[in-house]
Amino acid sequence: MSELYCPDCKKNTEVVNDHAAGDTVCTECGLVLEARSIDETSEWRTFADESGDHDPNRVGGPVNPLLGDAALSTVISRGANGSNADPTLTRLQNRGGDPDRAIVLAFKTISMMADRLSLVTTIKDRASEIYKRLEDQKCTRGRNLEALVAACIYIACRQEGKPRTVKEICSIVAGATKKEIGRAKEFIVKQLKVEMGESMEMGTIHAGDYLRRFCSNLGMSNEEVKAVQETVQKAGDFDIRRSPISIAAAIIFMITQLSESKKPLRDISGATTVAEGTIKNAYRDLYPHAAKIIPEWYTKERDLNKLSSPKA
């Protein structure tokens with residue numbers, strides 16, 4: 001037996017745990033100190049010789065707080081040969097329906113897309129939370145599920161400071177176009193603005209947010225990556241009116257021209273999902289400032305005259 005403080009006895013007393021009822025009872029006065037407590041220990045004894053290193057302390061799937069019943073439900077399983085074990089129970093269950101079926105499907109779609117984009121769990125959870133808020137407003141019926149889910153992931157990435165481009169997300173979505181995802185994003189922002197009574201915080205995108213991933217896709221060296229990062233920081237001091245992703249792609253193109261592993265514009269366009277023409281336009285705006293934004297340590301052993309002159 002263990003000891004706990006009893007407010008009636010006004011001292012620490014020995015207590016008894018009633019595992020069947022989940023109660024903790026004082027042995028001196030009989031007061032129930034804790035009720036309906038959850039036993040988190042193993043549900044069965046573990047024998048090392050029989051189970052090895054496997055110790056199944058708990059069973060069942062993880063609890064999802066975004067679902068109405070916290071993902072705790074009963075499903076009538078099928079028999080060994082694939083047939084229904086009890087047709088009556090199965091028929092009654094199907095008749096009752098599952099109110100969370102649609103949102104469970106959306107959560108599975110979010111998880112699948114997030115895994116394909118190699119996104120962390122925090123982004124996946126944030127996207128699920130955004131979709132749940134839409135579902136609570138009863139505004140998802142009749143809309144393209146994949147477009148809504150993709151837009152939720154896009155917004156979640158921006159809010160978590162790990163933005164992805166719409167093209168990147170669109171590449172792993174089969175049932176929605178880039179335009180549909182863009183419309184879904186605007187719809188979500190509008191709906192959540194009505195819910196919160198204020199504009200939804202989306203997070204600011206900077207060119208540096210994409211660099212590490214783009215440089216990795218191109219197989220650039222650490223020296224080149226460092227030069228690109230410093231160039232992007234210095235480029236922020238100038239009024240370059242281009243999108244952050246276009247500036248990132250143009251600076252990568254600029255730095256690789258000075259290196260031995262010169263990357264063709266086509267490869268950079270493919271790795272950054274930015275059109276070649278867009279990269280050229282951003283490069284034309286950056287070119288006059290090349291001597292000021294490219295780090296001196298990188299230009300000492302290189303000739304800036306190697307940079308191709310942008311065509312007007």
Side-chain angles (χ1 to χ4, degrees), residues 112-120 123 146-147 149-151 153-158 160-185 203 205-233 235-236 240-287 289-290 293-294 298 302 306-312:
M112 179 190 66
M113 290 184 181
D115 290 342
R116 294 185 63 183
L117 288 169
S118 300
L119 300 178
V120 296
I123 295 178
E146 295 208 359
V149 166
I153 292 177
Y154 174 82
I155 295 173
C157 288
R158 288 190 56 173
E160 292 296 323
K162 305 292 182 182
R164 293 291 190 275
T165 65
V166 177
K167 284 186 178 180
E168 285 181 290
I169 295 177
C170 187
S171 65
I172 54 98
V173 178
T177 62
K178 179 182 175 182
K179 183 178 292 187
E180 289 175 330
I181 295 175
R183 289 174 178 171
K185 184 201 71 172
I205 297 179
H206 303 282
D209 296 333
Y210 302 102
L211 291 182
R212 181 66 65 175
R213 188 168 70 258
F214 290 166
C215 293
S216 176
N217 294 339
L218 289 166
M220 298 175 63
S221 64
N222 292 333
E223 183 186 35
E224 293 171 337
V225 173
K226 183 179 178 181
V228 169
Q229 291 175 329
E230 293 186 14
T231 303
V232 167
Q233 291 178 352
I240 309 298
R241 299 186 180 183
R242 299 287 176 180
S243 66
I245 187 174
S246 302
I247 294 176
I251 288 178
I252 290 175
F253 176 64
M254 179 180 292
I255 294 298
T256 55
Q257 286 189 80
L258 299 176
S259 65
E260 297 180 357
S261 58
K262 187 175 181 180
K263 307 290 184 183
L265 185 60
R266 181 181 61 257
D267 292 350
I268 296 176
S269 175
T272 60
T273 67
V274 181
E276 295 184 23
T278 305
I279 297 177
K280 290 179 180 178
N281 292 335
Y283 177 76
R284 184 172 62 246
D285 294 344
L286 289 167
Y287 181 79
H289 311 291
I293 61 177
I294 299 178
Y298 191 76
R302 297 168 179 83
K306 290 184 179 180
L307 293 176
S308 58
S309 178
K311 296 180 181 179

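Hydrogens, waters and symmetry mates play no part in the numbers below; they use all other heavy atoms, side chains included.
For the side-chain hydrogen bond (donor to acceptor under 3.5 Å, both in side chains) condition, the pairs that include at least one residue of residues 161-172, sequence neighbours left out, are Thr165-Glu168, Thr165-Thr273, Glu168-Arg213. For residues 255-277, no pair satisfies salt bridge (Lys or Arg N to Asp or Glu O under 4.0 Å), with sequence neighbours left out. For residues 170-179, no pair satisfies salt bridge (Lys or Arg N to Asp or Glu O under 4.0 Å), with sequence neighbours left out. Contacts classified as ring-ring contact (aromatic ring centres under 6.0 Å, His included) and involving residues 244-263 (residues at least two apart or in different chains) are given here: Phe253-Tyr283.
Residues satisfying the ring pair (Phe, Tyr, Trp, His ring centres under 6.0 Å) test with His289, not counting sequence neighbours, are Phe238. Every side-chain contact (heavy atoms from CB on, under 4.5 Å) that Glu180 has, sequence neighbours left out, goes to Asn144, Ala147, Ala176, Thr177. Annotation: side-chain contact (heavy atoms from CB on, under 4.5 Å) contacts of Lys280 (sequence neighbours excluded): Leu265. When the salt bridge (charged side-chain N to carboxylate O under 4.0 Å, His left out) test is applied to Arg241, the partners found at least two apart in sequence or on another chain are Asp239. Looking at residues two or more places apart in sequence or on another chain, you find no side-chain hydrogen bond (donor to acceptor under 3.5 Å, both in side chains) involving Asn217. Residues passing the side-chain contact (heavy atoms from CB on, under 4.5 Å) test with Ser216: none are found, sequence neighbours excluded. Tyr210 meets the ring pair (Phe, Tyr, Trp, His ring centres under 6.0 Å) test with Phe214; sequence neighbours excluded. Residues meeting the side-chain hydrogen bond (donor to acceptor under 3.5 Å, both in side chains) test with Asp285, sequence neighbours left out: Arg242.
To the nearest 0.5 Å, the span separating CD1 on Ile169 from CD on Glu146 amounts to 13.0 Å. Taking CG of Asp209 as the reference point, atom CZ of Arg158 lies at 10.0 Å (rounded to 0.5 Å). To the nearest 0.5 angstrom, Leu119 atom CG is 6.5 Å from Ile153 atom CD1. Distance CZ/Arg212 to CE/Met220: 10.5 Å, rounded to 0.5 Å. The structure places CD1 of Ile255 at 3.5 Å from OG1 of Thr231, a figure rounded to the nearest 0.5 Å. Here the straight-line distance linking atom CD1 of Ile293 with atom CD1 of Ile251 works out to 5.0 Å at 0.5 Å rounding.
The heavy-atom pair separating Ala235 from Ile240 by the smallest distance is O-CG1, 4.3 Å. Closest of all the heavy-atom pairs between Ile294 and Met254 is CD1-SD, 3.7 Å. Across Ser269 and Val274, no two heavy atoms sit closer than the pair OG-O, 2.5 Å. Contact record, Ala248 with Leu211: CB-CD2, 3.8 Å, taken as the closest heavy-atom pair.
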Quick one: do Gln257 and Ser308 satisfy side-chain contact (heavy atoms from CB on, under 4.5 Å)? Show the steps, please.
-> CA-CA 8 Å; Gln257 286 189 80; Ser308 58; 2.9 Å; yes
Which is it for Val232 and Gln229 under the side-chain contact (heavy atoms from CB on, under 4.5 Å) test, yes or no, and what are the steps along the way?
-> CA-CA 5 Å; Val232 167; Gln229 291 175 329; 5.9 Å; no
Applying side-chain contact (heavy atoms from CB on, under 4.5 Å), run through Ser259 and Tyr298 and close with a yes or a no.
-> CA-CA 9 Å; Ser259 65; Tyr298 191 76; 3.4 Å; yes
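Looking at Asp115, its side chain never comes within 3.5 Å of a backbone N or O of Met112 through a donor-acceptor pair.
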